[in-house]
Amino acid sequence: MSEDNLTPSATESTPTGVPVPTIPWQVTGNHWLALPCIHPGDASIHAVGLLHRGARAAVEFAGHADFVQGQGPALARPRLVVDGAPVALGSGRIAWERALQWLPTFTAQVGDLLVRGTIFAPFGQDADMAGAVYAMALENRGSVPHSIDVGLEGTLGHRQIRVRTPRPAEDAHRITRSAHDVVLLDGAAVPGLVALAVAADGAAVVQVEEGETPTYALTRTVTLAPGERAEVAFYLAAGPERDGAEATCAVMRRRGWRPLLTATRDALRMLEQSTGVESLDALITRHLCFAYFFSVGRALDDAHFYIVRSRAPWCPSGMTIRDWEALAWTVPAVQLADAPLARELILRMCEVHGYAPGRGVHYLDGTLFEPGFTLEGAASYAVAAERYIRESGDDQIVEEGVLADTLYLSHDDLVARRDAQHPLYRTEVTLDGRPTPLPFSLHGNAVVAFAMDAFKKLLDEEGAKEVQDPAAIRAALRRHFVTGGEGKSTFAASADLRGERTLDDDPVGSALWLPLWEAIDRTDSTYRRTAKRIGASEALAVQIARLLGPDAGEMLEWVRRAPLANGWAASRTDADGRAQVDGGDAALSGLLAATLWFAVHAHGVRPN
């Protein structure tokens with residue numbers, strides 16, 4: 001094969017995409033409710049987001065339309081009045097910590113008052129509900145007593161529905177006060193999609209002002225002698241309409257915020273990972289939590305789980321998802337800490353998306369959003385089931401009818417893509433959505449070989465007889481994708497099986513992933529030369545894949561130091577790992593967490 005038959009690689013250009021927010025937002029939430037915009041300067045909450053199956057979208061409440069950039073009033077802001085004088089919580093320095101890698105906590109000094117706050121969405125057995133808690137502890141470190149009004153106030157200035165881009169609600173914003181001193185936020189149109197309820201943990205003064213951008217305030221008064229300490233909390237709950245939101249709020253008040261916080265902390269401890277390297281443990285757990293809560297969510301209107309690319313409002317892929325991203329990025333991360341949920345998500349993907357495996361990008365409810373067949377998407381169901389069984393030992397999942405049906409359907413779809421002469425399979429687009437340069441992709445066929453191994457185990461005896469020998473596919477990869485002379489051979493990214501090949505590596509379906517799919521050993525000389533040829537990239541997915549390559553130790557150190565997008569994954573970074581565009585990518589954070597864990601535990605990689 002002459003180098004003249006190679007299509008040259010494309011040159012990476014200046015990335016285009018959605019800019020990363022200038023504000024380093026604090027982020028938290030549970031599967032019901034996302035709090036993506038907690039301002040680090042004054043601890044105010046600028047937005048609340050929920051999934052809605054009927055709308056196939058996120059429904060988000062905010063204080064202002066430009067909430068992502070921190071513009072305008074907040075949806076919920078803490079308010080302090082000390083001895084009759086209003087005091088801004090952000091007037092002094094606020095120090096933030098992320099407890100258990102997911103709970104934002106802050107400490108602020110306001111005069112001689114020390115204020116500690118915790119913002120959390122309840123999680124865990126009997127604590128998982130569509131709500132959040134804003135808890136504050138105040139300590140008088142001065143020599144005189146203080147009368148302190150502690151409140152939560154806010155503005156409902158914007159509501160939107162978002163699949164990928166926001167569409168503002170057309171009806172009027174509304175804030176009302178219930179008979180039980182609960183503040184209710186919703187829209188004037190009936191029926192609505194979502195309502196919020198806000199209440200204090202004790203007797204409070206409630207104020208509501210109507211208007212185009214209505215406002216509310218809840219205030220509790222405490223008196224602190226020198227050395228005394230008091231705790232105050234406010235509850236925020238969501239429901240499909242105002243009665244449901246108020247009912248959820250009432251349950252949270254009855255349970256009390258302290259037991260809810262204890263249950264949440266206990267449940268989050270179960271998600272923590274251990275590699276023997278403390279800094280890596282924190283890194284893996286942080287990205288795992290982001291994927292666990294922001295790529296996986298429960299819709300408010302049907303309570304079912306759905307996988308999306310990210311619930312962060314600035315992630316451009318938003319509420320859409322490819323089969324591959326869900327099953328090869330998010331599910332493996334969830335599986336690290338919660339095998340039962342991973343099992344449920346695999347079956348849920350079969351129910352919602354399995355009718356058309358690999359056919360393109362989907363809305364959260366399985367409706368086709370953007371057509372474009374990928375081999376990896378069609379193979380992802382078998383891949384996910386095989387990886388789940390290996391890690392959990394739960395081979396009973398194959399007895400689930402919905403999984404069996406999806407596996408047969410995906411196998412049939414792959415068979416229809418097989419070349420007439422060679423055991424290789426055609427694809428339509430790459431995993432990043434571009435038309436494939438040539439119809440047979442290296443990464444796609446490596447994944448198909450892995451899937452064929454799985455089909456032989458997962459299909460019944462008769463079905464397994466029809467499965468292509470995966471060894472033949474792997475042998476064909478070497479015959480048709482290796483280019484270059486003796487001692488210079490590397491893997492091409494795609495081929496047409498008639499002599500044409502291209503080196504243009506797919507940033508998402510990179511040749512660097514071949515060892516994970518057991519297509520090649522990571523010590524293979526052709527693979528090592530391929531990894532050297534690909535080198536560093538502005539695409540974070542490529543940098544993650546390099547954790548499997550010959551410079552894995554160096555990359556582990558790079559990932560450990562990379563600031564990314566305020567600590568979360570972004571599709572494009574600079575050479576130092578600082579996000580350039582498309583931040584808040586929860587599914588990509590899942591890929592990072594799962595790959596870090598695999599590189600450390602399976603390959604024994606350690607930072608250089």
Side-chain angles (χ1 to χ4, degrees), residues 8-25 27 277 279-280 282-284 286-287 290-291 309-310 312 314-317 329 430-434 443 490-491 493 503-516 522 527-600 603 605-608:
S9 298
T11 302
E12 288 184 344
S13 59
T14 302
T16 58
V18 176
V20 176
T22 57
I23 296 174
W25 295 112
V27 172
V277 181
S279 60
L280 290 181
L283 184 63
I284 294 173
R286 181 192 316 151
H287 285 282
F290 191 48
R309 186 67 177 260
S310 182
W314 52 90
C315 178
S317 295
W329 294 10
T430 62
L431 282 174
D432 65 352
R434 297 176 299 165
H443 181 267
T490 65
F491 284 105
L503 297 178
D504 189 12
D505 193 56
D506 175 12
V508 182
S510 173
L512 294 166
W513 292 107
L514 294 185
L516 184 64
R522 66 192 292 260
Y527 172 75
R528 292 173 68 87
R529 282 190 291 270
T530 304
K532 183 177 181 180
R533 187 197 79 218
I534 294 171
S537 173
E538 64 184 14
L540 182 58
V542 174
Q543 297 294 80
I544 295 171
R546 293 177 68 196
L547 291 166
L548 307 176
D551 55 352
E554 176 187 335
M555 286 313 304
L556 196 62
E557 184 64 22
W558 183 89
V559 169
R560 196 162 66 112
R561 296 179 180 275
L564 302 179
N566 192 31
W568 316 117
S571 68
R572 303 279 169 176
T573 68
D574 62 18
D576 296 322
R578 186 171 290 101
Q580 294 181 298
V581 294
D582 300 350
D585 194 330
L588 190 56
S589 273
L591 178 67
L592 177 53
T595 308
L596 277 170
W597 188 96
F598 182 86
V600 171
H603 292 167
V605 177
R606 289 293 186 271
N608 285 345

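Treat the numbers as computed from the prediction; the structure is a model and nothing was measured.
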S.K.: To the nearest 0.5 Å, how far apart are OG in Ser510 and CG in Asp432?
M.R.: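 If I round to the nearest 0.5 Å, the distance is 11.0 Å.
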S.K.: Less than 4.5 Å apart, side chain to side chain, heavy atoms only: is that true for Pro19 and Trp314?
M.R.: no
S.K.: Parallel, tilted or perpendicular: which describes the rings of Trp568 and Phe290, with under 30° parallel and over 60° perpendicular?
M.R.: parallel
S.K.: Indicate yes or no for a side-chain donor-acceptor contact from Asp576 to the backbone of Arg578 under 3.5 Å, with no hydrogens or angles considered.
M.R.: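 Side chain of Asp576 to backbone of Arg578: no pair is present.
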S.K.: Only one of Thr595, Leu588, Val559, Leu564 passes side-chain contact (heavy atoms from CB on, under 4.5 Å) with His287; say which it is.
M.R.: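 Single side-chain contact (heavy atoms from CB on, under 4.5 Å) partner of His287 among Thr595, Leu588, Val559, Leu564: Leu564.
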S.K.: Check each of Ile534, Val508, Asp506 against Val542 using the side-chain contact (heavy atoms from CB on, under 4.5 Å) test, and report the only one that passes.
M.R.: Ile534
S.K.: Determine, stepwise, if the pair Val581 / Val18 fulfils side-chain contact (heavy atoms from CB on, under 4.5 Å).
M.R.: CA-CA 5 Å; Val581 294; Val18 176; 5.9 Å; no
S.K.: How far apart are the C-alpha atoms of Leu280 and Leu556, what are their side-chain angles, what is the distance that settles it, and do they pass the side-chain contact (heavy atoms from CB on, under 4.5 Å) test?
M.R.: CA-CA 9 Å; Leu280 290 181; Leu556 196 62; 3.8 Å; yes
S.K.: Could you tell me whether a side-chain N or O of Ser589 sits under 3.5 Å from a main-chain N or O of Ala569, the two making a donor and an acceptor?
M.R.: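 At least one qualifying donor-acceptor pair exists.
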S.K.: Distance-only, no hydrogens or angles: does the Gln543 side chain make a donor-acceptor pair with backbone N or O of Ala536 under 3.5 Å?
M.R.: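 Not a single qualifying donor-acceptor pair exists.
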S.K.: Mind checking whether Pro607 and Arg561 have side chains closer than 4.5 Å, heavy atoms only?
M.R.: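 SC-SC contact between Pro607 and Arg561 ruled out.
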S.K.: Between Gly584 and Ala312, which heavy-atom pair has the shortest distance, and what is it?
M.R.: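 Heavy atoms of Gly584 and Ala312 come nearest at O-CB, 3.6 Å.
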S.K.: From Leu512 CG over to Tyr527 OH, what is the distance, rounded to the nearest 0.5 angstrom?
M.R.: 5.0 Å
S.K.: Looking at every heavy atom in both Arg572 and Ala539, which two are closest together, and how far apart are they?
M.R.: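 In terms of heavy atoms, the two residues are closest at NH1-CB, 3.7 Å.
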S.K.: To the nearest 0.5 angstrom, please state how far the OG1 atom of Thr573 sits from the CG atom of Leu540.
M.R.: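 Going from OG1 on Thr573 over to CG on Leu540, the span is 5.5 Å.
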S.K.: Which heavy atom in Pro507 sits nearest to a heavy atom in Arg434, and how many Å separate them?
M.R.: CD-NH2, 3.5 Å
S.K.: Quick one: pull up CD1 in Ile544 and CH2 in Trp558 and give me the separation to the nearest 0.5 Å.
M.R.: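 Ile544 CD1 to Trp558 CH2: 8.0 Å, rounded to 0.5 Å.
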S.K.: Which distance, rounded to the nearest 0.5 Å, do you find between the CG of Leu548 and the CE of Met555?
M.R.: 11.0 Å
S.K.: At their closest point, which heavy atom of Thr530 faces which heavy atom of Ala511, and how far apart are they?
M.R.: CG2-CB, 4.0 Å
S.K.: If you round to the nearest 0.5 Å, how far is NE2 of His443 from OG1 of Thr430?
M.R.: 11.0 Å
S.K.: Considering all heavy atoms of both residues, which atom of Ala587 and which atom of Trp329 are nearest to each other, and what is their separation?
M.R.: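 So the minimum-distance heavy-atom pair works out to O-CB, 3.5 Å.
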S.K.: Give the C-alpha distance, both sets of side-chain angles, the deciding distance and a yes or no for side-chain contact (heavy atoms from CB on, under 4.5 Å) between Arg606 and Val600.
M.R.: CA-CA 7 Å; Arg606 289 293 186 271; Val600 171; 3.0 Å; yes
S.K.: What pair of heavy atoms forms the shortest contact from Arg546 to Gly535, and how long is it?
M.R.: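 Where Arg546 meets Gly535 most closely, the heavy atoms are CD-O, 3.6 Å.
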S.K.: Begin with the C-alpha distance, continue with both residues' side-chain angles, and end with the deciding distance and a verdict on salt bridge (Lys or Arg N to Asp or Glu O under 4.0 Å) for Arg309 and Asp582.
M.R.: CA-CA 12 Å; Arg309 186 67 177 260; Asp582 300 350; over 6 Å; no
S.K.: Between the side chains of Asp585 and Ser310, does any donor sit under 3.5 Å from an acceptor?
M.R.: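 Result is no, nothing qualifies.
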